Chemist: 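Pasting in a structure now, in structure tokens, and then I'll have a few things to ask.
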Amino acid sequence: MLYELFDYQLLKLIWWLLVGVLLIGFAIMDGHDMGVCTLLPFVGRTDTERRIIVNTIGPHWEGNQVWFITAGGAIFAALPLVYATAFSGYYWALMATLWALFFRPVGFKYRSMIKNDKWRNTWDWLLFVGSSVPALIFGVAFGNLLLGSPFSFDQNLVSTYSGSFFELLAPFSLLCGLVSVAMLTMQGGVYLAHRTIEDVQSRAKKSATAAAVITSVLFVIAGFWVQTLDGYVLVSAVNGGAVIDLLSKQVQIQSGAWMTNFYNHPGLWLLPALGTLMPLVTIALLKMGRTLTAFVSSSLALLGIIGTAGVALFPFYMPSSTDPRSSLTVWDSTSSHFTLFIMLFVVIFLLPVVLAYTSWGYAVMRGKVTKAYIKENEKTLY
């Protein structure tokens with residue numbers, strides 16, 4: 001059969017990369033929406049300025065959510081054990097994320113329907129919550145992956161999660177959460193600087209600059225902290241042809257093991273270098289007024305930070321702190337060979353479509369959002 005021409009082990013690696021691409025795409029595209037809304041109550045001093053801010057992302061935020069939905073759907077179909085274990089173990093954290101995200105569509109829809117300061121200010125702060133809280137939780141989740149999660153599987157592959165919500169809020173995880181908030185705020189600030197003028201642009205540049213400095217500093221601190229953490233090492237032979245072969249592997253916990261891939265493959269240090277240096281490049285570009293190029297450099301920073309976490313974890317998706325052999329890896333937690341093959345072709349077809357209509361949407365709606373534009377379209381804009 002045709003799918004047998006594609007090696008199963010290779011498909012598992014491809015899907016590890018594709019999930020990473022989708023998560024990075026989500027951070028870059030929907031992340032700048034979240035960053036803009038995080039800055040909304042602070043950069044906008046008047047109602048008109050806040051309407052300017054909202055309307056820079058108003059036509060695009062729903063399309064950008066496709067990256068989030070696609071990433072979730074890909075994990076559900078390609079990594080069912082990861083999806084099931086994460087959603088059961090991190091249930092309350094994920095529910096908090098969804099509750100916060102509810103404020104975004106409602107906020108965009110209703111914010112400007114009533115011309116009342118209290119009404120609009122309330123929605124501005126709810127949009128802030130709906131953007132900053134998910135950003136924080138996403139970072140905390142990545143931090144907990146590096147710390148290991150308290151779950152295990154029995155011989156029937158029934159999982160048991162023994163942790164609690166508050167155990168997710170370890171100091172290192174909170175640091176990762178702050179890195180996430182800072183980098184998405186930087187991304188949003190740069191985008192806002194590109195789409196606005198005058199006072200709003202000036203404040204957006206200052207906010208993006210501060211967020212970029214915080215991102216770089218916290219990322220470096222997190223990097224040194226990771227070197228002191230206990231990491232996980234897969235010491236048994238890889239059975240890349242197995243569909244699910246969880247409990248036959250051997251996993252050891254070693255101090256500093258999360259840096260192993262970087263030491264074994266020095267070229268991978270490019271990723272943490274991007275995460276550290278690109279925020280600083282972004283600051284320089286903003287000072288030169290090159291806002292579009294600054295958005296590219298900010299996006300490269302996000303790629304570096306998320307890529308660093310992914311490479312550090314490889315080949316693990318979810319390490320188990322209570323039973324290391326139950327850890328979910330690239331090799332033993334994916335769907336079947338045929339499923340990965342079919343999904344690969346679906347992605348090959350759909351991903352260019354998503355990129356095409358996203359590019360078209362931004363091309364059509366390009367340009368600055370100004371006070372005059374808001375006044376001319378008072379009743380039709382957000």
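What you see is a predicted model; the values in this text were computed from it and never measured.
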Chemist: When you measure from the side chain of Ser131 to the backbone N and O of Thr38, does any donor-acceptor pair fall under 3.5 Å?
Modeler: no
Chemist: Verify side-chain contact (heavy atoms from CB on, under 4.5 Å) between Arg195 and Phe295, making sure each step is shown before the conclusion.
Modeler: CA-CA 11 Å; Arg195 293 296 311 279; Phe295 186 80; over 6 Å; no
Chemist: Quick one, Leu271 and Ile306 - any side-chain contact, counting heavy atoms below 4.5 Å?
Modeler: no
Chemist: Is there side-chain contact between Ile137 and Phe142, with at least one heavy-atom pair below 4.5 Å?
Modeler: no
Chemist: With side chains defined as the heavy atoms from C-beta onward, is the minimum distance between Val347 and Trp15 less than 4.5 Å?
Modeler: yes
Chemist: List the atom of Val353, the atom of Phe349, and the distance in Å for their closest heavy-atom pair.
Modeler: CG2-O, 3.4 Å
Chemist: When the side chains of residues 91-99 are checked against the rest of the protein, which donor-acceptor pairs come out under 3.5 Å, sequence neighbours left out?
Modeler:
unit_1, atom_1, unit_2, atom_2, d
Thr97, OG1, Ala93, O, 3.0

Chemist: Quick check against the 3.5 Å criterion: does Ser297 have a side-chain atom that pairs as donor or acceptor with the backbone of Ala294?
Modeler: yes
Chemist: Between the side chain of Gln201 and the main-chain N/O of Thr196, is any donor-acceptor distance below 3.5 Å?
Modeler: yes
Chemist: Within the structure provided, determine whether Val311 and His265 are in side-chain contact (heavy-atom separation under 4.5 Å).
Modeler: no
Chemist: CG/Leu274 to CG/Leu277 distance, rounded to the nearest 0.5 angstrom?
Modeler: 8.0 Å
Chemist: Hey, could you give me the CG/OG1 distance between Leu79 and Thr85, rounded to the nearest 0.5 Å?
Modeler: 10.5 Å
Chemist: So, taking the atom named OG in Ser216 and the one named CD1 in Ile283, what distance separates them when rounded to the nearest 0.5 Å?
Modeler: 7.5 Å
Chemist: What distance separates Ile69 CD1 from Asn64 CG, expressed to the nearest 0.5 Å?
Modeler: 11.0 Å
Chemist: When the side chains of residues 177-185 are checked against the rest of the protein, which donor-acceptor pairs come out under 3.5 Å, sequence neighbours left out?
Modeler:
unit_1, atom_1, unit_2, atom_2, d
Ser180, OG, Ala135, O, 2.6
Thr185, OG1, Val181, O, 2.6

Chemist: Shortest non-hydrogen contact from Asn144 to Ser149?
Modeler: O-OG, 3.9 Å
Chemist: Under 4.0 Å between a Lys/Arg side-chain N and an Asp/Glu carboxylate O for Arg111 and Asp47?
Modeler: yes
Chemist: Please answer whether the main-chain N or O of His194 pairs with a side-chain N or O of Lys368 as donor and acceptor at a distance below 3.5 Å.
Modeler: yes
Chemist: Under 6.0 Å from the CZ atom of Arg290, do we count more than 12 heavy atoms belonging to anything else shown?
Modeler: no
Chemist: Given side chains that start at C-beta, do those of Tyr8 and Thr334 come closer than 4.5 Å, heavy atoms only?
Modeler: yes
Chemist: If I take atom CZ from residue Phe68 and atom CG from residue Asp30, how far apart are they, to the nearest 0.5 angstrom?
Modeler: 8.0 Å
Chemist: Would you please test Met278 and Leu302 for side-chain contact (heavy atoms from CB on, under 4.5 Å) and show each step?
Modeler: CA-CA 9 Å; Met278 281 299 110; Leu302 269 60; over 6 Å; no
Chemist: So, does Trp258 use its side chain to make a donor-acceptor pair with the main chain of Leu146 at under 3.5 Å?
Modeler: yes
Chemist: Is any side-chain heavy atom of Met259 closer than 4.5 Å to one of Val226?
Modeler: yes
Chemist: With no hydrogens and no angle check, is any side-chain donor or acceptor of Thr308 less than 3.5 Å from a backbone partner on Gly304?
Modeler: yes
Chemist: Would you call the rings of Phe128 and Trp125 parallel, tilted or perpendicular if under 30° counts as parallel and over 60° as perpendicular?
Modeler: perpendicular
Chemist: I'd like to know whether Asp332 forms a side-chain hydrogen bond (donor to acceptor under 3.5 Å, both in side chains) with Thr329, so could you lay out the CA-CA distance, the side-chain angles of the two residues, the decisive distance to 0.1 Å, and finally the verdict.
Modeler: CA-CA 6 Å; Asp332 57 18; Thr329 74; 3.0 Å; yes
Chemist: Does any N or O in the side chain of Ser152 come within less than 3.5 Å of the main-chain N or O of Thr322, such that one atom is a donor and the other an acceptor?
Modeler: no
Chemist: If you take all heavy atoms of Met34 and Phe138, which pair is closest and at what distance?
Modeler: CE-CE1, 4.1 Å
Chemist: Applying side-chain contact (heavy atoms from CB on, under 4.5 Å), run through Leu11 and Leu344 and close with a yes or a no.
Modeler: CA-CA 8 Å; Leu11 282 174; Leu344 178 61; 3.7 Å; yes
Chemist: Within a strict 4.5 Å, meaning less than it, do heavy atoms of the Val251 and Val235 side chains meet?
Modeler: no
Chemist: Is the ring centre of Tyr357 less than 6.0 Å from the ring centre of Trp360?
Modeler: no
Chemist: Using 4.0 Å as the upper bound for N to carboxylate O, is an ion pair formed by Asp199 and Arg45?
Modeler: no
Chemist: Show the nearest heavy-atom pair for residues Leu168 and Tyr161, with the distance to one decimal.
Modeler: CD2-OH, 3.6 Å
Chemist: Please determine whether a side-chain nitrogen of the Lys or Arg among Glu198 and Lys371 lies less than 4.0 Å from a carboxylate oxygen of the Asp or Glu.
Modeler: no
Chemist: Can the ring centroids of Trp225 and Phe219 be said to lie less than 6.0 angstrom from one another?
Modeler: no
Chemist: Give a yes or no answer on whether the side chain of Asn55 reaches the backbone of Arg51 with a donor-acceptor pair at less than 3.5 Å.
Modeler: yes
Chemist: Considering non-hydrogen atoms only, spot the tightest contact between Tyr317 and Ser333 and give its length.
Modeler: CD1-OG, 3.5 Å
Chemist: What distance do Tyr110 atom OH and Arg120 atom CZ have between them, rounded to the nearest 0.5 Å?
Modeler: 15.5 Å
Chemist: Donor-acceptor pair, distance only, cut-off 3.5 Å: does the side chain of Thr56 make one with the backbone of Ile53?
Modeler: yes
Chemist: Set out, in order, the CA-CA distance, both residues' side-chain angles and the distance that settles side-chain contact (heavy atoms from CB on, under 4.5 Å) for Ser327 and Leu234, then state yes or no.
Modeler: CA-CA 10 Å; Ser327 299; Leu234 183 61; over 6 Å; no
Chemist: Which atom names give the shortest non-hydrogen contact between Leu40 and Leu127, and what distance separates them?
Modeler: CD2-CD1, 3.9 Å
Chemist: Between the side chain of Trp269 and the main-chain N/O of Phe262, is any donor-acceptor distance below 3.5 Å?
Modeler: yes
Chemist: What is the ring orientation for Phe108 with Trp61, classed by angle as parallel under 30°, tilted 30 to 60°, or perpendicular over 60°?
Modeler: parallel
Chemist: Suppose we call two aromatic rings close when their centres sit under 6.0 Å apart. Are Phe345 and Phe341 close by that rule?
Modeler: yes
Chemist: Tell me whether Asp117 at atom CG has more than 12 heavy atoms from other residues, nucleotides or ligands lying less than 6.0 Å away.
Modeler: no
Chemist: Would a 4.5 Å heavy-atom cut-off, applied to side chains only, mark Thr70 and Leu350 as touching?
Modeler: no
